[in-house]
Amino acid sequence: MFKTKVRLITLLMAVSVSMPLWAKPHHATKAVSHKHQQQGSRILTARDPFHYDTFNDEAFLWQGVYDSKKPESDTFSVEERAFVENDALHETREKIIARLKAQLGKPYVWGGKSPREGFDCSGLVFYAYNAHLSAALPRTANEMYHDRRGNAVDVSELKPGDLVFFHIHHGKRADHVGVYLGDGQFIQAPRTGETIRISDLNNPFWQDHWLGARRVITSRTVA
């Protein structure tokens, strides 16, 4: 009888030791440091000791289970690969926006698509995006609007890097494009005699001429 109890206790201890951390009590879960609290941007690398499994988009809080023995050579799970992919898209978005902002103050030039000659509205987008996409965007605003790689986005769900389209002179045909920056602002090359600038999307003029938005920075389009 005594030997049976000893064996049972030994078996229970073995199960407890081998039990994965995610199956143990809640106190095994801990939040990551502040550097990971940026809209889900800085996330898992092979050297990180965290297996991220929860993201609270409102509180900007990553939670994960600590496992200091996870080897660097381990293959990422589906969820981990998704987080790494999101991080890559975030970095691409930042690079594109930085490339756009570097052109602030440059003159509008019809047909222009380089810092040397200046830009028209679609030329600015063409220049900033195609350095980071697996295949080039079309050259004109209307072609960009109808490009099948772009995902339609509701104005309430805009994210930095989304393309915003307007119909200024041609009814439902896109003849102007800018890039959403966040906080209701977008960057654009307006018209002849003006320079590249940041504008307010809530301005009545842009509201009256709003056509739609497209998300082109996705896992299918990033080089």
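Remember, it's a predicted structure, so these values are computed and weren't measured experimentally.
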> Checking D147 side chain against R149 main chain: does a donor-acceptor pair fall under 3.5 Å?
Replying inline: yes
> Out of V216, L163, D162, which one pairs with V179 under the side-chain contact (heavy atoms from CB on, under 4.5 Å) rule?
Replying inline: L163
> Where do R139 and G112 come nearest, in terms of heavy atoms and distance?
Replying inline: NH2-O, 3.4 Å
>> Set out, in order, the CA-CA distance, both residues' side-chain angles and the distance that settles ring pair (Phe, Tyr, Trp, His ring centres under 6.0 Å) for Y108 and F119, then state yes or no.
In response: CA-CA 5 Å; Y108 176 97; F119 299 93; 9.9 Å; no
> So, S156 versus D154: side-chain donor-acceptor pair below 3.5 Å or not?
Replying inline: yes
> Should W206 and H176 be marked as a ring pair (Phe, Tyr, Trp, His ring centres under 6.0 Å) after you check the CA-CA gap, both sets of side-chain angles, and the distance that decides it?
Replying inline: CA-CA 10 Å; W206 300 114; H176 190 64; 5.4 Å; yes
> Is any side-chain heavy atom of I97 less than 4.5 Å from a side-chain heavy atom of P160?
Replying inline: yes
>> For a 4.5 angstrom cut-off between non-hydrogen side-chain atoms, does D120 reach S122?
In response: yes
> Any side-chain heavy atom of L100 within less than 4.5 Å of one from K95?
Replying inline: no
>> For Y127, is there any backbone N or O sitting under 3.5 Å from a side-chain donor or acceptor partner on R99?
In response: yes
> What's the spacing between T221 OG1 and R215 CZ if we round to 0.5 Å?
Replying inline: 11.0 Å
>> Just checking D208: does its CG atom have more than 12 heavy atoms from other residues, nucleotides or ligands closer to it than 6.0 angstrom?
In response: yes
>> Can a side-chain donor-acceptor contact be found between D175 and H170 if the only test is distance below 3.5 angstrom?
In response: yes
> Heavy atoms, side chains only, cut-off 4.5 Å: are Y180 and V153 in contact?
Replying inline: no
> For W110, does the CH2 atom sit with more than 12 other heavy atoms under 6.0 Å from it, leaving out its own atoms?
Replying inline: no
> From M144 CE over to F126 CZ, what is the distance, rounded to the nearest 0.5 angstrom?
Replying inline: 7.0 Å
> Does the side chain of I187 reach to within under 4.5 Å of the side chain of L104, using non-hydrogen atoms?
Replying inline: yes
> Parallel, tilted or perpendicular for F166 and F186, by the 30°/60° rule?
Replying inline: tilted
>> Donor-acceptor pair, distance only, cut-off 3.5 Å: does the side chain of Y129 make one with the backbone of L133?
In response: no
